[in-house]
Amino acid sequence: MEGIKIQFDKGEAILLEEKVEDFDTTVQNSMVNIGTTKNTDKIYPDKGTSILTRATQGIIADSNEANSEAVIASLDTLFFVRANDPADKPDIKLGKVALEPVDYDGIFLKINASFQNLEETKKVGTTTLF
Amino acid sequence: MATNPDFIATYFPELDEIDSATLQAARSRVVTYLSSKYPDLDMRPNSVFGDLVVSPYAYMLAALEESHGRFMSDLDLENVANGTIYNCDFITGYLKNFAVVDQAHLQSSGVVRLIFCDDASYTIDRSTRFKFGDDEFSMRLPHSGSLSVLPVGSSTTAYENTYVLSQLTAKKWAVDVPVVGTMTTLVEKGDEAEINTTVTDLEEISAVADFEFGLPPDSLATLAEKTRETFYSATLATRNGARHYLAKEFPDLTGMSPVLSGDSEAVRDSVNPLGMASGKVDLHVQSKGYANVEEQVISIPYYSQQDAVTVEKFIGELNLLNPPCYIDSITYEGDSTIDLGFRTGGIDIYSQSNNAAKAPMLTAAYSPYEDLWIAIDMPKTGATPLITPSIDPATGDQSGLFRIKYKSDPMVKVVSDIVSGRDVSPVGVDVLTKGFVPIVIDELVITYVKKSGVTMALTTAKNEIYEYFRSLGHDKLYSDSKVIDTMFYAGASDVRSITCTASVQWSVANKVLKATTTTPDLDWTTADAAAITPEAISISSSSGFIPSYIDPNIDTSNATYAVLGSRNVGYVLPKENITFNEVIL
């Protein structure tokens, strides 16, 4: 499996000449899903999470709230991505999603994200700054 | 070079109209389709290619499929006839393939009356145009050549456009001619026209009844419906073919009922001397102009005696402009208060077929093949005649002027002439065009119940019931439910009964003459003795409004060939004959 690469840490530019492969495609799709607001895609109304919206609305007031939202977002991402994973490629199917808020100063929410495939042979982790 | 159609502008739905399930299904099919070529390309949601290429393409595919469905719906004339139309321009052009044109081009039609100041012969060129305001009409003649107008009493020539004058008043004679043209403003009964040429003695040109635009307002849906009916057959040789032909050529007909050999109402085929069913079709027609009221003043000769036999009657041919469906009144023009005994025995009207081979006896009734003769007793007070006949100084003949007020359908003769044209008349099939045989309702009594405090809209109910009966004609048959519904809408809470005093009118004449019988003007005594009075059929309730009757004397010397059934029954119900009877609980 291969797809066009997104460079998240430099303004989310789409790198048309670079690609992601295998489980990295699933990880990339999951990252996009976390940052996508729910009900913005008419084809898939349940694509995305609510964490970005709730953060910008000020609903996430403290670390407890952040943990709670992170768990919800991780489950939403896991279920959606897994539902659309190809059945004939088990090595790239999403098995686990972990979102761990590590810092919150009331303005910025910093979350560590990690992803593991269903066969538990691959694990990829990154952090995202909201 | 033709330009390709803009499907996005005409048939594509709005993007918001496409639901999620349809989009998902379309996206899934796109992925399946492309995966066969690009099995390793990530097209999942949230992937770059998936969100930025596949998902937009799913929208296009869904919209394209919806537009195709809409286009195919426009090709299905049943949908169009039901009012589901997506592209009017396409359908207008599409229907042209079936020789069906839109409202902008479909000819309007009507009948004009040419009134002359003399009873003579005239020729009117086929290129003559009649102008009502800015609208121009040409004559709709069934045969090639010009229009020949002949004096009263003349005989017409087959396959030629010959029309015989009828006396309208003491010094006017008229003939009715069908016309077609483009009408932007409704031409109403009585409107006068100008002519683009000069015709000697032609004094007036007026509309006999309201003209027909040719299409109701919802033109495309009705056109599609007519196309479905007319597309596969439009000849006079079959029942459906005849209906389709009439619907296509005469869109203002409200009733059309072909009666074929084998139908219970078909009696003409019984006269084949070989005993074989011959190809005969009776076309019963009724137009929106049905029961159009006409008045003519006719000169009728007076006979004190005939061959030394005392007669003392005004006897003559009833030369009416159109085949009458009901005679309202007959009065003496010099004094309308004189009781002539119309319908009380003072007047006899005789029906005689002028083409016994085609339309024997009462089969000619309500058709152009029926000649009518009238015999009016000289009204008297004691032994004193009340009318002094006029005397022609040149011949010594005596006569009187009588005003005949009657109802007719001006389209019966028009349709009869058109279908007898060489280009239309089917080979080997004898087509006879005529009106429906009416049940004349002298009184219709509707007994209803209303709750106290309710104000009944009886005037509205009367008008609706009148129009309902006026519109009836196969295949629109009478039903009590329509009258009951009208009463409910008028405020009634119940309808107890619908009773009537009615009778079948086999002809406007009360007696029938065989074709071989001498006419009353030559020998009234012999004619009256030989005349046959058709069986009287009375109807006292609405359950009798769809009767079934056939002359039991067919193929005998007393045969009248009277027949009545659902295919040929009509109704005459003057509005003033509708009465209401309220029951107070």
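The basis for the numbers below is simple: all heavy atoms, side chains too, and nothing from hydrogens, waters or symmetry mates.
- With a 4.5 angstrom heavy-atom cutoff, T25(A) touches chain B via backbone and side-chain atoms both.
- Other residues, nucleotides and ligands place no more than 12 heavy atoms under 6.0 Å from the CG atom of D134(B).
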Stepwise, does the side chain to side chain contact (heavy atoms under 4.5 Å, CB included) test hold for D40(B) with E21(A)? CA-CA 9 Å; D40(B) 293 327; E21(A) 292 176 307; over 6 Å; no
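- Residue K19(A): no heavy atom, backbone or side chain, is found under 4.5 Å from chain B.
- In this structure, K47(A) pairs ionically with D51(B), as a charged nitrogen and a carboxylate oxygen lie closer than 4.0 Å.
- By the 6.0 Å contact criterion, NZ on K476(B) is enclosed, its count of non-hydrogen atoms from other residues, nucleotides or ligands being greater than 12.
- To the nearest 0.5 Å, the span separating NZ on K42(A) from CD1 on I18(B) amounts to 7.0 Å.
- Taken from CG in D42(B) to CG in D24(A), the straight-line distance is 11.5 Å, to the nearest 0.5 Å.
- For the pair R44(B) and T26(A), the tightest heavy-atom approach, listed with the atom from each and the gap, is NH1-OG1, 3.1 Å.
- More than 12 heavy atoms of other residues, nucleotides or ligands sit less than 6.0 Å from atom CD of Q57(A).
- Counting heavy atoms from C-beta outward, Y44(A) and N46(B) have side chains that stay 4.5 Å or more apart.
- Chosen from D88(A), I4(A), V81(A), I43(A), the residue pairing most often with chain B at heavy-atom distances under 4.5 Å is I43(A).
- The most heavy-atom pairs under 4.5 Å with chain A, out of P45(B), S20(B), A26(B), S47(B), come from P45(B).
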Would M43(B) and N84(A) count as a side chain to side chain contact (heavy atoms under 4.5 Å, CB included) here? Give the steps. CA-CA 10 Å; M43(B) 291 182 277; N84(A) 289 281; over 6 Å; no
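- Only the side chain of Y59(B) comes within less than 4.5 Å of a heavy atom of chain A; its backbone N, CA, C and O stay farther away.
- Within 6.0 Å of CZ in F12(B) there are more than 12 heavy atoms belonging to other residues, nucleotides or ligands.
- With a 4.5 Å cut-off on non-hydrogen atoms, L52(B) touches chain A through its side chain but not through its backbone.
- Heavy atoms of other residues, nucleotides or ligands lying less than 6.0 angstrom from OH of Y38(B) number 12 at most.
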